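Keep in mind the model is a prediction, meaning the values are calculated, not measured.
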Amino acid sequence: MSKDNCIFCKIAKGEIPSATIYEDSHFRVMMDINPATKGHCLIIPREHFDNIYDLDGETAGKIFSLATCIARALKDALGCEGMNIVQNNGEIAGQTVMHFHLHLIPRYKDDEVKVGWVPHASDEKELEELRRAIKAAI
Ligand code: 5GP
Ligand code: ZN
């Protein structure tokens with residue numbers, strides 16, 4: 001989706017209303033419209049980045065710094081027992097809105113939310129090949 005037609009760009013600019021809990025010149029933080037749990041919210045940068053591959057390091061740092069503040073506010077306001085920070089990139093990874101965003105999902109006993117994966121046994125040789133390939137790409 002082009003950024004001209006991006007729903008989160010429109011929300012970030014205030015052209016489409018949102019249940020905003022915080023905003024500054026760089027970010028808007030809003031309640032997710034279809035929350036996984038009570039208090040599920042999203043941090044969105046005002047500037048359009050499709051995903052983590054687009055994002056610059058400075059903005060990434062600011063987003064996570066803001067996430068620490070919002071996470072504490074959620075914990076204090078809601079008394080959640082845990083928190084998942086989720087960030088999806090690409091359709092295969094579950095991204096449905098192609099404007100970078102960070103999910104903060106408060107967790108409660110028996111909330112039945114499923115975030116996770118099935119662990120597999122690793123192969124030592126393959127791990128070493130992967131380690132070398134990834135290290136070389138940094
Ligand atoms: P993704 O699947 O891309 O990681 O997450 C997109 C999230 O955006 C979903 O949790 C979805 O409920 C939320 N969402 C989609 N459209 C809107 C909207 O118009 N307003 C708000 N507040 N959240 C939205
Ligand atoms: Zn956008």
Side-chain angles (χ1 to χ4, degrees):
M1 185 182 288
S2 88
K3 64 180 180 180
D4 299 334
N5 210 13
C6 169
I7 187 161
F8 279 9
C9 279
K10 290 180 181 158
I11 289 174
K13 287 182 199 144
E15 292 170 9
I16 292 178
S18 63
T20 293
I21 58 177
Y22 172 87
E23 60 181 311
D24 61 26
S25 55
H26 297 291
F27 303 106
R28 184 183 289 275
V29 184
M30 63 187 181
M31 308 306 295
D32 193 295
I33 206 164
N34 294 124
T37 62
K38 192 176 64 170
H40 179 174
C41 53
L42 303 171
I43 300 181
I44 62 173
R46 289 194 191 274
E47 189 177 337
H48 181 98
F49 304 94
D50 282 351
N51 50 44
I52 195 160
Y53 313 116
D54 274 3
L55 195 63
D56 62 276
E58 195 185 334
T59 305
K62 285 185 179 141
I63 289 176
F64 219 81
S65 172
L66 178 54
T68 64
C69 169
I70 303 298
R72 281 192 287 267
L74 288 168
K75 187 170 185 288
D76 290 349
L78 306 173
C80 51
E81 295 165 55
M83 176 92 45
N84 287 113
I85 307 294
V86 177
Q87 199 276 306
N88 300 322
N89 298 282
E91 272 182 42
I92 197 162
Q95 186 178 9
T96 57
V97 178
M98 301 301 158
H99 176 126
F100 181 99
H101 52 280
L102 201 66
H103 294 259
L104 284 82
I105 306 176
R107 298 299 305 270
Y108 307 91
K109 191 173 184 300
D110 300 326
D111 65 20
E112 296 184 349
V113 170
K114 292 196 178 23
V115 180
W117 54 88
V118 179
H120 295 90
S122 63
D123 175 85
E124 206 178 315
K125 188 164 163 279
E126 188 192 22
L127 271 192
E128 177 56 14
E129 283 166 11
L130 292 168
R131 187 191 70 79
R132 281 171 193 261
I134 298 163
K135 187 165 186 261
I138 290 172

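In this structure the side chain of His99 reaches within 4.5 angstrom of the side chain of Cys9, judged on heavy atoms.
By the side chain to side chain donor-acceptor pair (under 3.5 Å) test, Tyr22 pairs with Asp24, sequence neighbours left out. For Gln95, there are no side chain to side chain donor-acceptor pair (under 3.5 Å) partners two or more places apart in sequence or in a different chain. Residues satisfying the side chain to side chain donor-acceptor pair (under 3.5 Å) criterion with Thr37, sequence neighbours excluded, are absent altogether. Asp54 meets the side-chain contact (heavy atoms from CB on, under 4.5 Å) test with Phe49, Asp50, Asn51; sequence neighbours excluded. With sequence neighbours excluded, the residues satisfying salt bridge (Lys or Arg N to Asp or Glu O under 4.0 Å) with Arg107 are Asp111. For Lys125, the side-chain contact (heavy atoms from CB on, under 4.5 Å) partners two or more places apart in sequence, or in a different chain, are Asp123, Glu129. Residues meeting the side-chain contact (heavy atoms from CB on, under 4.5 Å) test with Arg132, sequence neighbours left out: Glu128. Every residue two or more places apart in sequence or in another chain that forms a ring-ring contact (aromatic ring centres under 6.0 Å, His included) with His103 is listed here: His40, His101. The side-chain contact (heavy atoms from CB on, under 4.5 Å) check on Glu91 picks up Met98, with sequence neighbours excluded.
Cluster partners of Ile92 are absent, since no Ile, Leu, Val, Met, Phe, Trp or Tyr has side-chain heavy atoms less than 4.5 Å from it. Under a 4.5 Å side-chain heavy-atom cut-off, the cluster of Ile, Leu, Val, Met, Phe, Trp and Tyr residues that includes Val118 has no other member.
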Table please: side-chain donor-acceptor pairs of residues 61-82 below 3.5 Å, with sequence neighbours left out.
from	atom 1	to	atom 2	distance (Å)
Lys62	NZ	Glu58	OE2	3.2
Thr68	OG1	Ser65	O	2.6
Glu81	OE2	Lys109	N	3.2

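With Asp32 contributing its side chain and Cys41 its backbone, the two residues share no donor-acceptor pair below 3.5 Å. Judged by distance alone, with hydrogens and angles left aside, the side-chain atoms of Arg46 form a donor-acceptor pair with the main-chain N or O of Ala12 at under 3.5 Å.
Grouping the Ile, Leu, Val, Met, Phe, Trp and Tyr side chains by contacts below 4.5 angstrom, directly or via other members, places Met83 with Val29. A single hydrophobic cluster is seen to contain both Ile43 and Ile85, as judged by linkage of ILVMFWY side chains at heavy-atom distances under 4.5 Å, directly or through other members. Taken together through direct or relayed side-chain contacts under 4.5 Å among Ile, Leu, Val, Met, Phe, Trp and Tyr, Ile16 and Met31 form parts of separate hydrophobic clusters. Leu55 and Tyr53 fall within a single hydrophobic cluster, where Ile, Leu, Val, Met, Phe, Trp and Tyr side chains are chained together by heavy-atom contacts under 4.5 Å.
Residues Met30 and Ile11 share a closest heavy-atom pair of SD-CG2, 3.4 Å. Shortest non-hydrogen contact noted between Thr20 and Arg28 is OG1-NH1, 2.8 Å. Taking both residues in full, the closest heavy atoms of Ala36 and Ile105 are given as CB-CG2, 4.0 Å, listed atom of the first, atom of the second, then distance. The shortest non-hydrogen separation linking Ile52 to Phe100 is N-CD1, 3.7 Å.
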Let's go through Leu102 and Leu42 carefully: what are the C-alpha distance in whole Å and the side-chain angles of both, what is the deciding distance for side chain to side chain contact (heavy atoms under 4.5 Å, CB included) to 0.1 Å, and is it a yes or a no? CA-CA 5 Å; Leu102 201 66; Leu42 303 171; over 6 Å; no
Take Ile7 and Val97 through the side chain to side chain contact (heavy atoms under 4.5 Å, CB included) test and state the conclusion after the steps. CA-CA 8 Å; Ile7 187 161; Val97 178; 4.1 Å; yes
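Rounding to the nearest 0.5 Å gives a distance of 9.5 Å between CD of Glu47 and CZ of Phe27.
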